[in-house]
Undergrad: 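Below: one structure in structure tokens.
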Amino acid sequence: MSRYEPQAVEKKWQEAWQNAGTFTAVADPAKPKYYVLEMFPYPSGRIHIGHVRNYTMGDVVARYKRSAGHAVLHPMGWDAFGMPAENAAMEQGGHPKDWTYGNIAVMRDQMKPLGLSIDWSREFATCDPEYYGQQQALFLDMLDKGLVYRKNAVVNWDPVDMTVLANEQVIDGKGWRSGAEVERRELTQWFFKISDMAGDLLDALDGLDDWPAKVKLMQANWIGRSRGLQFAWELTAPVHGHDRIEVYTTRPDTLMGASFLGISPDHPLTRALEADNPDLAAAVAQMRKGGTTEEALEKAEKLGFDTGLMVRHPLNPDWELPVWVANFILMDYGTGAIFACPAHDQRDLDFCRKYDLPVTDTFVALDDPQPVGKTAFVPPKTEKVKWLNHFAGLDVATGEEAIDATIDHMERKGLGTGVTKYRLRDWGLSRQRYWGCPIPVVHCADCGVVPEKKENLPIELPDDVSFDVPGNPLDRHPTWRDCACPSCGKPAKRETDTMDTFVDSSWYFARFTAPRATTPTDPEEVRYWMNVDQYIGGIEHAILHLLYSRFFARAMHLTGHLPESATEPFNALFTQGMVTHAIFQTRDDKDRPVYHFPEDVELRDGRGFLKDGTEVEIIPSAKMSKSKKNVVDPVRIIRDFGADTARWFVLSDSPPDRDVEWTEAGAEAANKHLNRVWRLAGDIAALEGAPTEADATLLREMHKTIFDVTGGIDSFGFNAAIAKLYAFTTTLAKSSAGAEAKRTAMRALAQLMSPMTPHLAEEIWQMLGGEGLIADAPWPVADPAMLVEDTVTLPIQVNGKRRSEITVPKDMPKEEVEKLVLAEEAVAKALAGGQPKKLIVVPGRIVNVVI
RNA sequence: GCGGGCGUGGCGGAAUGGUAGACGCAUCGGACUUAAAAUCCGUAGCCCUCCGGGGCGUGUGGGUUCGAGUCCCACCGCCCGCACCA
């Protein structure tokens with residue numbers, strides 16, 4: 001028997017699409033547009049099966065929308081800047097540029113055989129000077145609008161690699177690469193003013209109806225809005241020009257429980273006191289050690305230092321409290337100073353117990369009015385509690401009510417102001433790295449920081465750099481830094497910081513609408529193509545990438561590069577699950593795990609054995625990892641089974657938002673099924689025979705399948721859609737309908753499969769004499785008249801349990817159905833001559849007899 | 001600690017409040033074959049059965065409903081996000 005030969009067939013149709021320019025995106029005002037985008041890949045060197053799943057999902061949507069009459073934009077590019085390229089240069093020699101472009105070439109070659117409906121003419125890499133030059137232009141416009149600024153900030157500094165590290169690059173307080181103890185260092189850094197938009201970024205989440213609730217929630221938590229009171233504590237004696245300390249609190253209602261006033265080690269007052277207090281300076285130096293990550297801070301023990309200063313309680317000038325420096329107070333939240341209320345805050349309590357400071361209850365539980373011991377009493381803010389001599393006269397009230405009442409009270413007395421604050425901080429974009437987009441400004445001795453002139457863009461990275469010494473090669477380059485001040489023309493120095501790679505990915509979606517434009521975007525193209533109608537990617541980008549992109553879209557609107565309608569750039573978001581694989585493991589003589597490649601393991605009855613007969617332990621469905629040897633290589637899958645099999649399998653087994661486990665058996669089954677469809681198509685193409693009475697049934701099934709599969713694709717129910725396609729294949733194979741009806745049904749099946757298995761679909765289309773490319777054929781539409789049966793089978797329940805069924809004409813009146821139901825033997829038996837209490841007929845669905 | 005999600009056969013999973021287990025994998029039986037592969041057909045939640053059928057079943061316990069995998073409450077288990085944020 002002949003077999004389907006995917007390798008030859010897939011190549012043939014990829015060439016046909018290429019030659020016909022089938023997937024070139026063309027703006028056509030006569031058509032509705034649809035922009036499908038999958039998060040673009042980092043050019044690590046090889047594609048992995050997760051890419052296959054991600055891009056296949058996008059491709060299904062893109063091909064379906066195209067068939068359904070949309071002008072579709074489905075582009076691909078490369079998120080190409082970043083540290084791995086520099087690390088490769090440091091470890092293996094070579095240049096980050098060569099490494100990156102080499103990887104892109106390899107990955108493009110691995111990706112193209114998947115047969116994705118991508119408009120490759122729009123491809124770009126973020127390290128192309130044409131791209132990052134426009135990014136520099138964007139930066140200058142944002143600088144002009146006050147959306148970028150420079151400030152001193154405390155950062156994670158790796159003293160060996162001599163660079164700033166992002167929080168996630170600090171592991172257990174040490175640099176992830178160098179292993180050196182990370183220091184908190186204050187540096188002048190560039191920042192995007194994302195915090196200005198915190199309120200809008202939070203409020204606008206409500207309008208994102210087609211985003212997963214989980215992602216919106218994660219963003220909302222990240223932005224973290226809180227309402228509180230800002231007010232001042234007067235020092236008993238002014239010191240270093242400070243006569244008061246500003247404090248922010250979300251629990252002003254606990255003001256009477258104040259124990260001490262705490263200030264951050266980075267507070268201006270701390271810095272002033274350090275100068276003439278060596279003990280304090282030493283203590284503060286200790287506190288500043290270690291990373292700034294929240295995790296590192298949590299593990300750190302509470303440290304404090306009594307400054308000896310005293311402040312007066314705002315509600316009682318006779319009440320004096322000590323001022324402590326405490327390591328758990330962050331300078332960049334609130335005012336960098338707090339009042340501690342140990343009775344109702346665990347870390348304040350820990351601190352007070354350690355340093356023997358007073359603990360005063362301000363409220364107690366209604367049912368159990370115990371004073372606080374080792375555990376702070378922190379009930380939900382919605383729970384009613386009993387207040388102890390509250391200054392605004394509260395007795396029994398919830399925390400919420402008390403907070404509102406207190407803010408009100410303090411504002412009326414002119415003692416403080418209600419303030420809304422956000423957890424979200426400005427986005428530090430400076431990186432002391434080579435392989436990134438240069439920040440296009442110049443430092444002039446006379447003019448200060450001067451923006452580069454737009455006509456000088458792109459400021460290109462120099463090629464002649466070395467990576468044999470740690471630190472930023474741009475800093476030590478002999479000539480690259482030298483330039484003329486754009487303002488006064490005198491010799492000046494370029495900024496050597498480059499941009500965080502998150503900047504690159506924060507606007508690439510807009511650039512795809514006009515990737516060769518000589519401005520960041522082209523107004524006409526961007527108006528036509530934006531927004532991204534469907535964005536698809538991993539949940540790991542739920543916060544940073546998506547939040548930054550939302551910020552950039554707003555910034556690009558303010559700078560005239562995006563229309564207002566694109567300030568929320570992604571209409572719908574889908575977060576797909578991972579592709580996982582079992583781990584095969586044995587133990588060595590020291591009981592350490594030894595991992596085995598799937599191809600070295602033979603599976604029998606759910607158990608796995610090595611070639612020498614040793615049984616392996618199977619750890620199911622784990623994240624793929626090279627070190628665990630549970631990685632499947634898409635290149636091998638495509639070679640062995642073809643791209644259509646890989647595409648079909650990654651979609652078929654699990655809902656797209658959940659993880660799917662790659663199994664060899666599953667891939668083989670997918671391959672078998674596609675072969676079966678191919679053979680069936682061949683049989684049907686050769687079939688002769690007049691119409692039969694089975695034609696109507698087959699066509700009815702066909703229309704149902706069209707309806708179900710279309711609905712499945714529309715709602716990202718790819719696995720369910722594929723299940724319907726399996727079922728319809730069996731129906732078609734068993735049908736005794738005539739040749740014409742079968743050919744019609746087969747063509748519909750090919751069309752419905754075409755988004756998932758486009759090559760096979762083209763092949764079948766051709767076998768059955770379909771006109772042109774199936775990719776150009778209009779999507780089949782289900783005829784509503786064919787979806788309703790003439791008769792329906794109604795299950796009959798007695799007290800909610802199924803007892804029988806009747807088949808009746810679909811529009812039979814209720815009364816007649818009721819008569820038939822009561823006449824049913826099973827019903828009559830259950831009634832035993834009596835009358836039912838109730839008879840519920842849900843037309844077309846079910847009947848329930850209540851006895 | 002705070003927030004969110006999910007628990008359905010041996011496995012992946014399906015099911016607008018309306019016949020639970022579609023579809024696929026694995027399993028078992030059969031056909032074709034000298035044989036195997038490939039292919040095709042059939043069976044399959046658990047228990048009982050006089051073979052007509054009956055009972056029990058979607059993590060556990062309650063509730064709403066004519067009817068609950070689906071809605072509500074409590075609990076158990078697993079997964080994820082955030083976390084010294086004042």
Side-chain angles (χ1 to χ4, degrees), chain A residues 1 3 212-222 224 226 228-229 247-252 254 262 264 294-302 326-330 332-341 344-348 350-351 376 378 380 421-425 539-540 542-543 603 605-606 620-621 649 652-655 657-661 663 665-670 672-673 675-676 679 717 719-730 733-734 793-805 826 836-842 844-851:
Chain A
M1 189 179 288
R3 278 184 67 86
K214 183 187 172 76
V215 173
K216 287 190 278 186
L217 194 74
M218 282 164 73
Q219 291 217 354
N221 289 340
W222 187 263
S226 63
L229 181 76
V247 158
Y248 174 75
T249 179
T250 56
R251 294 307 299 259
T254 63
S264 164
E294 283 155 344
E295 193 192 359
L297 288 169
E298 189 200 2
K299 282 179 189 156
E301 206 192 331
K302 303 267 174 297
N327 65 336
F328 65 87
I329 302 167
L330 308 173
D332 45 9
Y333 191 82
T335 61
I338 61 156
F339 78 83
C341 179
H344 308 296
D345 184 302
Q346 191 59 46
R347 63 204 156 144
D348 291 351
D350 293 345
F351 191 92
V378 191
K421 287 206 189 279
Y422 297 90
R423 206 188 76 109
L424 182 68
R425 296 175 221 164
I539 187 81
E540 67 272 21
I543 296 173
L603 292 172
D605 296 346
S621 201
F649 178 69
S652 66
D653 247 30
S654 290
D657 52 344
R658 260 190 249 177
D659 292 351
V660 64
E661 181 170 1
T663 62
E668 277 167 19
K672 265 186 207 176
H673 178 72
N675 262 296
R676 181 178 171 226
R679 277 195 313 274
N719 58 325
I722 283 178
K724 299 285 181 192
L725 290 169
Y726 268 106
F728 185 59
T729 305
T730 302
K734 291 185 176 173
T793 300
L794 296 179
I796 298 175
Q797 295 182 335
V798 176
N799 289 340
K801 293 217 180 288
R802 185 182 177 283
R803 281 294 177 269
S804 181
E805 62 182 33
K837 272 191 205 152
K838 216 171 183 182
L839 190 55
I840 293 147
V841 178
V842 183
R845 295 231 70 123
I846 204 165
V847 180
N848 194 8
V849 185
V850 186
I851 296 173

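Only a predicted model underlies this, so the values are computations on that prediction, with no experimental measurement involved. Below, chain A is the first sequence line, B the second, and so on; all start at residue 1.
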Undergrad: For A:I796, answer base if it contacts any base atom (sugar-phosphate contacts may also be present), sugar-phosphate if it contacts only those atoms, and nothing otherwise; contact means non-hydrogen atoms under 4.0 Å.
TA: nothing

Undergrad: Nearest of B:G81, B:A86, B:A14 to any side-chain atom of A:M218?
TA: B:G81

Undergrad: Taking only N and O in the side chain of A:R423, is any of them less than 4.0 Å away from OP1 or OP2 of B:A86?
TA: no

Undergrad: Whole angstrom is fine here: how far is it from CD in A:E661 over to P in B:G10?
TA: 18 Å

Undergrad: Taking atom OG1 of A:T729 and atom CZ of A:R676, what is their separation to the nearest 0.5 Å?
TA: 6.0 Å

Undergrad: Stepwise, does the side chain to side chain contact (heavy atoms under 4.5 Å, CB included) test hold for A:Y726 with A:I722?
TA: CA-CA 6 Å; A:Y726 268 106; A:I722 283 178; 3.6 Å; yes

Undergrad: Atom CD1 of A:I846 to atom P of B:U16: distance rounded to whole Å?
TA: 14 Å

Undergrad: Taking the C1' atom of each, how far is B:C73 from B:G21, in whole Å?
TA: 28 Å

Undergrad: Given atom OH of A:Y726 and atom C1' of B:G12, what is their separation to the nearest angstrom?
TA: 12 Å

Undergrad: What about A:R425, does its side chain sit under 3.5 Å from the base of B:C85 through a donor-acceptor pair?
TA: yes

Undergrad: Run A:D345 and A:F351 through side chain to side chain contact (heavy atoms under 4.5 Å, CB included) and show every step you take.
TA: CA-CA 10 Å; A:D345 184 302; A:F351 191 92; over 6 Å; no

Undergrad: Restricting to non-hydrogen atoms, name the atom on A:I329 and the atom on A:A337 that form the minimum distance, rounded to 0.1 Å.
TA: CG2-N, 4.2 Å

Undergrad: For the pair made of NZ in A:K724 and P in B:G24, what is the distance, rounded to whole Å?
TA: 12 Å

Undergrad: Just compare B:G3, B:A86, B:G12 and give me whichever is closest to any side-chain atom of A:S654.
TA: B:G12

Undergrad: For A:Y248 and B:A86, give me the distance from atom OH to atom C1', rounded to whole Å.
TA: 8 Å

Undergrad: Rounded to whole angstrom, note down the P distance from B:C6 over to B:G17.
TA: 14 Å

Undergrad: Round to the nearest Å and state the distance from A:N221 atom CG to B:G4 atom P.
TA: 9 Å

Undergrad: Across the strands shown, which category fits A:K672 at heavy-atom distances under 4.0 angstrom: base, sugar-phosphate, nothing?
TA: sugar-phosphate

Undergrad: Can you list every stem that RNA chain B is part of, counting only runs of 3 or more consecutive Watson-Crick or G-U wobble pairs with both distances under 3.5 Å?
TA: B:1-7 with B:76-82, B:10-12 with B:23-25, B:28-31 with B:39-42, B:45-48 with B:53-56, B:59-63 with B:71-75

Undergrad: For B:G24, take OP1 and OP2 only and decide whether either is under 4.0 Å from a side-chain N or O of A:S652.
TA: no

Undergrad: Answer syn or anti for B:G52, where the cut-off is 90° from 0 on the glycosidic torsion.
TA: syn

Undergrad: Looking only at non-hydrogen atoms, find the nearest pair between A:A542 and A:M218 and report the distance.
TA: CB-CE, 3.6 Å

Undergrad: Taking atom CZ of A:R251 and atom CG of A:D348, what is their separation to the nearest 0.5 Å?
TA: 12.0 Å

Undergrad: Determine the minimum heavy-atom distance between A:L794 and A:I846, stating which atoms define it.
TA: CD2-N, 3.9 Å

Undergrad: Check every atom of B:G81, B:U19, B:C85 against the side chain of A:R347 and return the nucleotide holding the closest atom.
TA: B:C85

Undergrad: Tell me: CZ of A:R845 to P of B:G17, nearest whole Å?
TA: 10 Å

Undergrad: Look up atom NE2 in A:H673 and atom CG in A:L725, then write down how far apart they are to the nearest 0.5 Å.
TA: 7.0 Å

Undergrad: Can you identify which nucleotide, out of B:G24, B:U39, B:G13, has its nearest atom closest to the A:A669 side chain?
TA: B:G24

Undergrad: Over all heavy atoms of both residues, which pair between A:S654 and A:D659 is shortest? Give the atoms and the distance, please.
TA: OG-O, 3.4 Å

Undergrad: By nearest nucleotide on RNA chain B, pick out whichever of A:V847 and A:L217 is the more 5' one.
TA: A:L217

Undergrad: Among B:U19, B:G12, B:A14, find the nucleotide with the atom closest to the side chain of A:R658.
TA: B:A14

Undergrad: In the 5'-to-3' direction, what one-character label does each nucleotide of nucleotides 44-71 of chain B receive under the scheme B = base within less than 4.0 Å of a protein heavy atom, S = sugar-phosphate only, - = no such atom?
TA: -----------SS---------BS----

Undergrad: Below the 4.0 Å mark, does B:A38 have OP1 or OP2 next to a side-chain nitrogen or oxygen of A:N675?
TA: no

Undergrad: Distance between the P atoms of B:G45 and B:G24, in whole angstroms?
TA: 15 Å

Undergrad: Out of B:A86, B:G4, B:C40, which nucleotide sits closest to the side chain of A:K214?
TA: B:G4

Undergrad: Is the glycosidic torsion of B:G7 within 90° of 0, making it syn, or is it anti?
TA: anti

Undergrad: Which heavy-atom pair separates A:F649 from A:A670 by the least distance, and what is that distance?
TA: CB-CB, 4.0 Å

Undergrad: Please report the interatomic distance CG(A:L330) to OG1(A:T335), rounded to the nearest 0.5 Å.
TA: 11.5 Å

Undergrad: On a whole-Å scale, what distance lies between the C1' atoms belonging to B:C72 and B:C80?
TA: 25 Å

Undergrad: Nearest whole angstrom, please: distance from the C1' of B:C25 to the CD1 of A:I722.
TA: 15 Å

Undergrad: For atom C1', what is the distance between B:U19 and B:A37, given to the nearest Å?
TA: 41 Å

Undergrad: Using a cut-off of 4.0 Å on non-hydrogen atoms, how would the nucleic acid contact of A:K734 be classed: base, sugar-phosphate, or nothing?
TA: sugar-phosphate

Undergrad: How far, in whole Å, is B:G62 from B:A14 if one measures between their P atoms?
TA: 29 Å

Undergrad: Between B:A35 and B:C50, how many Å separate the two C1' atoms, rounded to a whole number?
TA: 45 Å

Undergrad: Rounded to whole angstrom, note down the P distance from B:A38 over to B:U27.
TA: 12 Å

Undergrad: Please report the interatomic distance CG(A:N799) to NZ(A:K837), rounded to the nearest 0.5 Å.
TA: 8.0 Å

